[in-house]
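Start at 1 and go down the list; that is how both ligands and their atoms are numbered.
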Amino acid sequence: MGIDVVPVALGARSYEVRIGAGLIDRAGAEITPFLRRKKAAIITDETVAAAHLARLVAALEAEGISVSSLALPPGESTKGWAQFARAVEWLLEQKIERRDMVIAFGGGVVGDLVGFASAVMRRGVRFVQIPTTLLAQVDSSVGGKTGINTAQGKNLVGAFHQPTLVLADIDVLASLPPRDLLAGYGEVVKYGLLGDAAFFDWLELNGPALAAGDRDARHYAVKRSVQMKAGIVERDETEEGERALLNLGHTFCHALEKATGYGDRLLHGEGVAIGCALAFELSQRLGLCSQEAPSRVRAHLRAMGMKVDLADIPGDLPSAEALVALMGQDKKVVDGRLRFILARGIGEAFVADDVPPELVMGLLAEGLRGR
Ligand code: GLY
């Protein structure tokens, strides 16, 4: 299928997302044109380092680029002040300057943390994203949202800092545990649901092959998702309006993630999938769409072997009231009202600020009774 290039047109901050098999081995050639001197610093995590770092370093060194690397512990708990400080200080020790390049090599945690470190280091250095999870390839590596978590909540400290280049190597997805791949698929489905009914049709047909390892299906799904994200980011870089559509399923997801402790019980992408199913159900109850829409969403997620209902989350969950209270702490709350992304049908999402809380509570209570 070769390499596809998806431009993200943001004036002086424009860049390309390149998608294809074998891009890690070509990383030196891809990155060299952006270097003012041949020096780069890679920050990754220990899991990605064990599987892929030697290959990336070899690809950069083959082009004469001098490289140093730092591997952080894997997992969401890395995305906080301690490892952020470690990353920034390490970059300073490596004498990385504004003419050099930082490389974020990993999933969403690494991409967000390293992007933020690059945003503040010497008041901003350039960085390349080489995302190694499906979730990072289709969502977090594109669009310039960077940041870390604090005791007060997720992603509350950060900056918009666009990368200089994104390299999404399809082959790297082959080393993902199936659960992580499917969790990332939750974000892929989200794009079809929020704005492209034909893409959702395509996913219904091709999702199983994608999950089973079909490279062409993976390539197309990443490309279409990135095209959609690029378009939205171009029109609304700093989330004044349309970019909020990317949060389809996320109001429910954030509450469920908080309730389950941001860990193995519920991965982010799994929460997004459950959240999308709930958002469509809510839309139907509000008379916005027909019953067919939530039924199709649920049927597809089921066919993919994904979590669909609150009943699919292991362990105890708090009451519906407590879950709605957790939503109220979400940073996207505007003037104390809950914000939901609802839909008039598959591919027709919009932002709603006036959803009756009783309806949300009722929906969640029913889901909890089904457990
Ligand atoms: N992940 C949501 C966004 O980039 O806006």
Under 3.5 Å, which donor-acceptor pairs do the side chains of residues 114-121 form with other protein atoms, sequence neighbours left out?
{"unit_1": "S118", "atom_1": "OG", "unit_2": "V114", "atom_2": "O", "d": "2.8"}

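- For N247, no nitrogen or oxygen atom sits less than 3.5 Å from a nitrogen or oxygen atom of ligand 1, counting backbone and side chain alike.
- Nearest protein neighbour of atom 5 (O) of ligand 1, counting heavy atoms only, is R243 NE, 2.7 Å.
- At least one test fails for R224 against the ring of Y191: distance under 6.0 Å to the centre or angle within 45° of the axis.
- Using a cutoff of 4.0 Å between basic side-chain nitrogens and carboxylate oxygens, D309 and R298 are scored as salt-bridged.
- Using a 4.0 Å cut-off between a side-chain N of Lys or Arg and a carboxylate O of Asp or Glu, D45 and K79 do not qualify as a salt bridge.
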Using residues 10-21 as the side-chain source, report each donor-acceptor pair under 3.5 Å to any protein atom, sequence neighbours left out, with the distance given to one decimal.
{"unit_1": "R13", "atom_1": "NE", "unit_2": "E237", "atom_2": "OE2", "d": "3.2"}
{"unit_1": "R13", "atom_1": "NH2", "unit_2": "E237", "atom_2": "OE1", "d": "2.5"}
{"unit_1": "S14", "atom_1": "OG", "unit_2": "L10", "atom_2": "N", "d": "2.8"}
{"unit_1": "S14", "atom_1": "OG", "unit_2": "G11", "atom_2": "N", "d": "3.1"}
{"unit_1": "S14", "atom_1": "OG", "unit_2": "G11", "atom_2": "O", "d": "2.7"}
{"unit_1": "Y15", "atom_1": "OH", "unit_2": "G143", "atom_2": "N", "d": "3.0"}
{"unit_1": "Y15", "atom_1": "OH", "unit_2": "Q162", "atom_2": "OE1", "d": "2.7"}
{"unit_1": "E16", "atom_1": "OE1", "unit_2": "R18", "atom_2": "NE", "d": "3.0"}
{"unit_1": "E16", "atom_1": "OE1", "unit_2": "R18", "atom_2": "NH2", "d": "2.8"}
{"unit_1": "R18", "atom_1": "NH1", "unit_2": "E30", "atom_2": "OE1", "d": "2.3"}

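- Which parts of ligand 1 touch K145 is read off a 4.0 Å heavy-atom cut-off, strictly below it: atoms 2 (C), 3 (C), 4 (O), 5 (O).
- Ligand 1 has no N or O atom lying under 3.5 Å from any N or O atom of K190, backbone or side chain.
- For atom 4 (O) of ligand 1, the nearest non-hydrogen atom of the protein is K229 NZ, 2.5 Å.
- Considering only non-hydrogen atoms, atom 1 (N) of ligand 1 lies nearest to D139 out of D139, L246, L135.
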